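In this chain, residues are counted from 1 in sequence order. Whatever order the structure lists ligands and atoms in, that order sets their numbers, starting from 1. As the structure is a computational prediction, the values presented were derived from the model and not from experiment.
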Amino acid sequence: MSIEFTATVLGSARIGPNRELKKAVESYWAGTLDAAALESVARTLRENTWRELVAAGLDSVPVNTFSYYDHVLDTAVMLGALPERVQGIGSELDRYFAAARGNETVAPLEMTKWFDTNYHYLVPEISPATTFSLHPEKVLAELEEARALDVPARPVVVGPVTFLLLSKAVGGSAPLLDRLDEILPLYAELLTTLADAGAEWVQIDEPALVADRTQSEIDCAKRAYDFLSAVSTRPAILLASYFGDLGAALPVLASTGIEGLSIDLTVPGTVEHVAVVPALASKHIVAGVVDGRNIWRTDLDRALATLASLMGSAGTLAVSSSCSLLHVPYTLDGETDIVDPLRSWLAFGAEKVAEVTVLARALRDGTESVSSELDQARAALESRRTDPRLHDAAIRARLEAGVSVDRTPAEERRRAQAVRLDLPSLPTTTIGSYPQTTQIRLARAALRTGQIDETEYVSRMQSEIADVVALQEKIGLDVLVHGEPERNDMVQYFAEQLSGFAATSNGWVQSYGSRCVRPPILYGDVSRPKPMTVNWSEYAQSLTGKPVKGMLTGPVTILAWSFVRDDRPLAESAAQIALAIRDETIDLEEAGIRIVQVDEPALRELLPLRSKDTAAYLEWAVRSFKISTSGVSDDTQIHTHLCYSEFGEIIDAIVDLDADVTSIEAARSHMEVLDDLNSVGFDLGVGPGVYDIHSPRVPSVDEITESLRAALKAVPAERLWVNPDCGLKTRGAAEVERSLRNMVQAAAALR
Ligand SMILES: Nc1nc2c(c(=O)[nH]1)N[C@@H](CNc1ccc(C(=O)N[C@@H](CCC(=O)N[C@@H](CCC(=O)N[C@@H](CCC(=O)O)C(=O)O)C(=O)O)C(=O)O)cc1)CN2
Ligand SMILES: [Zn+2]
C-alpha cells in the first residue's frame, strides 16, 4: 500500500510571482527570446515553486501543474488530440502556441471559462478522424525534474471523463463520452509509466463530476475508475474533485478501487455527504478545508471541527486547499498598501500553504502545538466581524426603500433613440477598449511611482483618447468609444474607485495564456464616492459629433472578477454595486452621453454548477443589471456586451436584461447564438461579433461579409449591429486599424 501524505495543495500558480512566465512567453512570441531561454525560465519557476512548497512543510507536492499556456491544451497534447490544421507545424512549441492563439493561417481552438472561475481553457476539438495516442513526455519530464530535487512529487493530470466532457465534438462526432474506451488504455499506460518513473501517487482531476451529470455520464466515470484502478502497475490514485459537491457521483467513485478522493469542503453540504458513504472508510480523504479560490484567512477552529467530523468516515485524512492555488495570488508579501486590519483577514497562496501545514500539525501533534497560530486566526476573524466598513446604513436604507427597474417598452424606446441618434442601417462600432500600448501602461506606472503627477497623467490619457477618436472617424465607424486607455482593467478600475473594495499591487492571477488580472477584494458595503468615468467620456464626446458610448462594467462582472465577501450573500453585494453603476449612468446622461454600454461578460460565468441553484442566481443577476440601467430616459440607448461563453443556458436571461443593443461573442462559435436568441423571441438590437479579437489575424473583407451574411439570415438588418467579438485592448495598433477598416468596408458594401 502507498504511503499516505498529510499536507498538500491540489495545484499551484505557474505564471510566476512577478509574472516571469508571462514576460518570457510574450518575448518568445515577439521573437526576442529563444526556446531554450524560455524553457530555462520555466524550469526555474517550477523549481522555486516546489522548493517553497517543500520548505513550507507539504509532504506531497503537485507536479505537471506547470503550463506554457493551459493545462487542458496540455492534456490534448498528451492524448495526441491537437486538431489536424496545426499538425503541419514543425516545432512542437510553435504547434502548441498555434493551437492556443492561431497565426496568420491557422485559427486557434475556442477558449471558454474553466467552470465558474475567471480562468479560461482551450476547448479541444475531437473529430471522427481524431486518433488518440499517448505523449507523456511533459508529465514525465516534470516528475523527473522534481524527483531529482528530492521533491515528494505527485503528478497531476486532467481525468478522462472531464477531458471528454470539456471537449467539443467537431465534424459530426457522436457524444464524446463514446470515445472513453479509446482513451482509457492511454491513461492506463500513463499510470504504468508514472509508476515506473517513481510516482507513488497520481492526482487525476475530475471537476466535471461536481456539475449536474446524467446517469450515463456517472456510469462512464464508474467504468473509467474501475478500469484504471485495475491497472496492475500504477501509483495510488487520488481522484480530485473541486468547485462543488460530487452528489450522486460520490458513492459511485467511492465504490471503485481508487485509493484517495479530494473533497471541496468549502462547499456547503459536502461534509455531511462524506459521512453517509461507508466505502470512504477505506480511502485516503484529502480534505479541502482551505479555500483555494478566495483570499480570506481560514477560520482554523472551524476547519479543525470539519476535520474532526471526518475522522470517523475517512480511512486516513490529509489537509489540503479545496482546489488548485492557480486562482489566488502568490503571496501577501509586498502588498504594502494593504494594511491591518484588512491585511490580517487575508491569506494568499503562500499563506494558504502555511494554513494547510498548521492544520496538519494540529492533527498530528494536537491543537496545543499550534495554539499561537489559532489565537492569531481568532483575533483576525473577530476584528473582521466587527469592522464598521462591513455595514453601511445609508446604502442599506436606499436598497430597502426599493429601486424601480421599470423601463418604457422597448419599441417606444427604439423610436425615441432613432430620432436622437440618427444612425445608418448596420451601424458599426467597437466594444470599448483600444490597444493598451506600452506607452499607456508606462504612463500609469509613472503615475504610481510619482514620476509624473495627476495633471500630466490626465493630459497623456486625453491625448490617447483624442487619437482613438480621430482614428475611428478616419475609419468611418458610426458609434465611437473613448478607448478605455485610463483603465488598468475593466473591473479593477471601478473597484479602485468604489468604497468597500481594496486593490492589490502585485496580486496577479492568470486569466488565460499570458494574460493576468489582479482581482480586487470586496470586503465591505459598496458605495460610489464620486463619478468614475464621466470626465473621460465627456472629453471624448467633445471631440466629435458622432455619438460616443459611455462604457461601464456591470455588477455581476465586477463581482465575478473580484474576490468576494463570504460573510454576506452575493446578491446583496450585486445590488449595492448596481446602485453605484446606476448613479454613473445618470451622470453620463446628464453630461450629454447618448449611449451607455454596461458590460456583463461574466453573466454566464457565475451561473451555478448545479441547475437547482440557477433560477435564484439569474433572478438577482438580471435584477442587478436592471437596477444599473433603468435610471436613464427612453432616448438614452443602453448597450450590453457578453463574451467568453456558451450562451445557450442563459438565453432567457439575455432577453430579460432588456438592453436596447447586445453585442455578443459569435466569431469563434459561428453565429449559433443568433438562432438561440431567435428561439426565445429576442427582438432587440444585436451585434454578433464578426471577427475574433483573440488572435492577431486580420480578417479579410470577404470573411467579415460572409459572417454578416450569415447573421442576416437570422436577424433583420434593422436590428443588426456590426462589431468585433470583444474589446481590442490585447491587440496591436496596426492589426486593429486594418481589421476595423475591413469591417467598415464589409458593412458599407452590404448596406
Ligand atoms: N478582470 C478581468 N477579467 C477578464 C477580462 C478582463 O478584461 N478583466 N477579460 C476576459 C479575458 N481575460 C483577460 C484578462 C486580462 C487581460 C489583460 O490584458 N491583462 C493585462 C494586464 C492588465 C493590467 O492590469 N494592466 C495594468 C498593469 C500593466 C503592467 O503590467 N504594467 C507594468 C509596466 C508597463 C509595462 O511593462 O507594460 C508594470 O506595472 O510592471 C495597467 O495597465 O496599469 C496583461 O496580462 O498584460 C485581458 C483579458 C475575461 N476575464
Ligand atoms: Zn468581451
Side-chain angles (χ1 to χ4, degrees), residues 15-23 25-27 29-30 70 101 111-114 116-122 327 329 334 430-449 451 457 460-461 464 481 484-496 501 503-520 551 553-554 556-563 597-606 639-645 647 662-668 687-689 692-694 723-732:
I15 202 75
N18 292 301
R19 293 180 297 158
E20 291 83 351
L21 184 62
K22 168 201 175 64
K23 291 165 196 165
V25 162
E26 289 179 355
S27 303
W29 293 337
D70 166 48
R101 322 166 60 224
M111 183 165 68
T112 197
K113 303 279 180 191
W114 176 244
D116 52 355
T117 74
N118 192 10
Y119 177 79
H120 306 69
Y121 71 92
L122 289 157
H327 310 287
T430 54
I431 305 303
S433 58
Y434 273 70
Q436 276 275 334
T437 58
T438 309
Q439 175 178 281
I440 295 174
R441 290 181 185 164
L442 286 177
R444 202 152 28 249
L447 175 68
R448 255 194 328 267
T449 57
Q451 279 164 271
Y457 178 71
R460 288 196 195 177
M461 292 303 118
E464 296 289 340
V481 295
E484 306 178 24
E486 78 289 3
R487 302 189 188 177
N488 43 18
D489 173 77
M490 61 184 287
V491 164
Q492 189 177 357
Y493 177 78
F494 289 94
E496 282 172 359
F501 280 95
T504 70
S505 41
N506 199 41
W508 294 103
V509 174
Q510 185 181 20
S511 180
Y512 71 86
S514 69
R515 294 286 169 177
C516 301
V517 295
R518 279 173 293 176
M551 195 56 61
T553 303
V556 175
T557 299
I558 290 183
L559 277 181
W561 296 349
S562 297
F563 293 119
Q597 179 171 311
V598 177
D599 292 326
E600 282 293 21
L603 186 64
R604 166 70 183 76
E605 174 178 321
L606 279 197
H639 288 214
T640 190
H641 165 69
L642 308 169
C643 60
Y644 283 108
S645 29
F647 297 103
T662 300
S663 70
I664 190 160
E665 175 179 349
R668 274 201 198 186
D692 175 19
I693 62 90
H694 299 104
N723 47 258
D725 239 2
C726 190
L728 303 168
K729 64 187 165 198
T730 61
R731 299 271 57 92

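A donor-acceptor distance shorter than 3.5 angstrom exists from the side chain of E600 to the backbone of V556, with no hydrogens or angles considered. Proximity of a side-chain donor or acceptor of Q451 to a complementary backbone N or O of A443 within less than 3.5 Å is not detected. Counting only distance, with no hydrogens or angles, the side chain of S562 and the backbone of P519 share no donor-acceptor pair below 3.5 Å. Under a 3.5 Å cut-off, the side chain of H120 and the backbone N or O of S511 do form a donor-acceptor pair. Side-chain atoms of T449 come within 3.5 Å of backbone N or O of A445 as a donor-acceptor pair. When atom types are taken as modelled, the side chain of Q492 and the backbone of P520 share no donor-acceptor pair closer than 3.5 angstrom.
Here the protein heavy atom with the shortest distance to atom 11 (C) of ligand 1 is Y644 OH, 3.2 Å. Atom 2 (C) of ligand 1 has as its closest protein heavy atom W561 CE3, 3.1 Å.
If you look at W508 next to ligand 1, the close heavy atoms, those under 4.0 Å, all belong to the side chain. Contacts between R515 and ligand 1, counted as non-hydrogen atom pairs separated by less than 4.0 Å, involve both the backbone and the side chain. The backbone and the side chain of N488 each have at least one atom closer than 4.0 Å to an atom of ligand 1 (non-hydrogen atoms only).
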If you apply the rule side-chain contact (heavy atoms from CB on, under 4.5 Å), what do you find for N723 with I431, and how did you get there?
CA-CA 7 Å; N723 47 258; I431 305 303; 3.8 Å; yes
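Within the structure, the closest approach of R448 to ligand 1 falls below 4.0 Å when heavy atoms are considered.
The L442 neighbourhood of ligand 1 comprises atoms 34 (C), with distances under 4.0 Å to a heavy atom of that residue. Atom numbering of ligand 1 starts at 1 in the shown order; those under 4.0 Å from a heavy atom of D489 are 1 (N), 2 (C), 6 (C), 7 (O), 8 (N). Distances below 4.0 Å separate heavy atoms of R518 from the following atoms of ligand 1: 24 (O), 26 (C), 27 (C). Less than 4.0 angstrom separates some heavy atom of Y512 from each of these atoms of ligand 1: 11 (C), 12 (N), 13 (C), 48 (C). Remark: ligand 1 atoms within the under-4.0 Å shell around heavy atoms of R19 are 29 (C), 30 (O), 40 (O). Taking a cut-off of under 4.0 Å to the non-hydrogen atoms of V517, the atoms of ligand 1 that pass are 1 (N), 2 (C), 3 (N), 8 (N), 14 (C), 15 (C).
Under the 4.0 angstrom criterion, atom 36 (O) of ligand 1 counts as lacking any protein heavy-atom contact.
Polar contact check, N118 against ligand 1: a nitrogen or oxygen pair lies under 3.5 Å apart. Residue contacts with ligand 1: R487 is placed with no nitrogen or oxygen under 3.5 Å of a nitrogen or oxygen of the ligand (distance criterion only).
Between atom OH of residue Y119 and atom NZ of residue K113 there is a gap of 12.5 Å, rounded to the nearest 0.5 Å. The CE atom of M551 lies 9.0 Å from the NE2 atom of H639; values are rounded to the nearest 0.5 Å.
Of all heavy-atom pairs spanning S27 and K23, the tightest one is OG-O, 2.8 Å.
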